[in-house]
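Report on one structure; see the data block that follows.
Worth knowing before you read on, the calculation uses all heavy atoms, side chains too, and leaves out hydrogens, waters and symmetry mates.
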Amino acid sequence: MTTIEALLLGLIQGITEFIPVSSSGHLAIIENLLHINSESSQPFVALAHLAMLVAVIGALRKEVKKLLMELCRSIYDIYENIKIYFYNRDKKEARRYKKIISNNYRKWFLLLVITSIPTALESYILQDMANLAGGNLLAPGMGFFITGIVLLVADFFPRGKRIPRDVNYSAALVIGLIQGLTVFPGVSRVGITLAVCLAYGFQRKFAVRYAFLLSVPVFIGSFAAKFSYLGGVSLSWQTWGGYVAGVLAAGIAAYFCIGKITKVLQNKKFYGFSVYCFLIGAASVAGSFFLA
């Protein structure tokens, strides 16, 4: 992979990662058109996901800070409840236990965990199939069609009002199961996850942040899975330099894109993104036949 190719892939991933148009689908198309070896590009993918992780944490730092603070407080309350249990048992008293899930941020964190578990399991199981699908233009094209249809349907969902305290744990589980299927190229993780959240009546602002924050465990898992590639592939310093340039481009583009696209997704319909997915999906499918 050349420096120009790394910069191109980095910019495309950074721009499309948090837009409901599938970054993986775009990357699969570019790699097929430029004949980039997906195996040798794995170190770049690992570093790019690390850059995406930093970008989303930086862009949503207020929410991340509050979630982590409430996590620490929850752990402390659990510790206090253990002490209360032994005190009640020894003293034959009935002191009241502290409520663990006592506010929206604690509930939000738990919902994120519940959603992430089935996503991680499905991604692990389906990853080989997804990599195989990314080796041609037909599969990403079909994925774009699926994303376009889902986004089109999502525009008809009524505006929801649910915030964390109103969301059932079963809903979080279903969201995770469906999100796990977005491992295939062309199927937008943000787009599909956001649509399912809206179908469950999530408040639009909460749904967007929920979908974005779910990328944190996704990027951590992806980086961990591909970490071995960083030392397992022999690359020149020039190649590593190109990778670093591409990764920086991805992280910077993603950071600024999150701020812009958040307002769009909260207030606008998805029709434009749907049309885009249909167009690029048609182009990808056509290319799979003409360029075969």
Check: [Y] and [X] side chains under 4.5 Å, non-hydrogen atoms:
X    : Y    : value
V45  : H49  : yes
P217 : L112 : no
F202 : I175 : yes
V187 : F144 : no
F212 : I261 : yes

Is a side-chain N or O of [X] found less than 3.5 angstrom from the main chain of [Y], in a donor-acceptor match?
X    : Y    : answer
T119 : G176 : yes
N32  : G134 : yes
N104 : R165 : yes
E31  : A28  : no
R204 : L265 : yes
T16  : I19  : no
S215 : V218 : no
D166 : I163 : yes
T147 : S188 : yes
N136 : L138 : yes

Check your understanding: With a 4.0 Å cut-off, would you call E70 and R73 a salt bridge?
Key ->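 Yes, this pair counts.
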Check your understanding: Got a salt bridge between K98 and E80, using NZ or NE/NH1/NH2 to carboxylate O under 4.0 Å?
Key ->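 Salt bridge absent between K98 and E80.
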Review point. Within 45° of the ring axis of Y169 and under 6.0 Å from its six-membered ring centre, is that where the NZ or CZ of K107 lies?
Key: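 Cation-pi check for K107 and Y169: passes.
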Review point. Can the positive tip of R162 be found less than 6.0 Å from the middle of the six-membered ring of F206, inside 45° of the ring normal?
Key: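 So R162 doesn't make the cation-pi contact.
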Which heavy-atom pair separates [X] from [Y] by the least distance, and what is that distance?
X    : Y    : answer
A48  : Q13  : CB-OE1, 3.8 Å
F184 : L126 : CE1-CD1, 4.0 Å
P185 : A130 : CD-O, 3.8 Å
P164 : L111 : O-CD1, 4.0 Å
T115 : Q179 : CG2-NE2, 4.1 Å

To the nearest 0.5 Å, what is the distance between [atom1] ([X]) and [atom2] ([Y])?
X    : Y    : atom1 : atom2 : result
L151 : L198 : CG    : CG    : 10.0 Å
I114 : S116 : CD1   : OG    : 10.0 Å
N103 : R106 : CG    : CZ    : 5.5 Å
I178 : T193 : CD1   : OG1   : 8.5 Å
I252 : I15  : CD1   : CD1   : 12.0 Å
S74  : M69  : OG    : CE    : 11.5 Å

Quick one: do [X] and [Y] end up in the same hydrophobic cluster if we chain Ile, Leu, Val, Met, Phe, Trp and Tyr together by side-chain heavy atoms under 4.5 Å apart?
X    : Y    : result
I12  : Y255 : no
Y79  : L68  : no
V216 : L67  : yes
M52  : V244 : no

Practice item. Compute whether any side-chain donor of one residue and acceptor of the other, for R209 and Q266, lie under 3.5 angstrom apart. Key: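 There is such a pair between these side chains.
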Run the side-chain donor-acceptor check on residues 269-284: report pairs under 3.5 Å with partners two or more places apart or on a different chain.
unit_1	atom_1	unit_2	atom_2	d
S274	OG	G148	O	2.7
Y276	OH	H26	NE2	2.7
S284	OG	L137	O	2.5

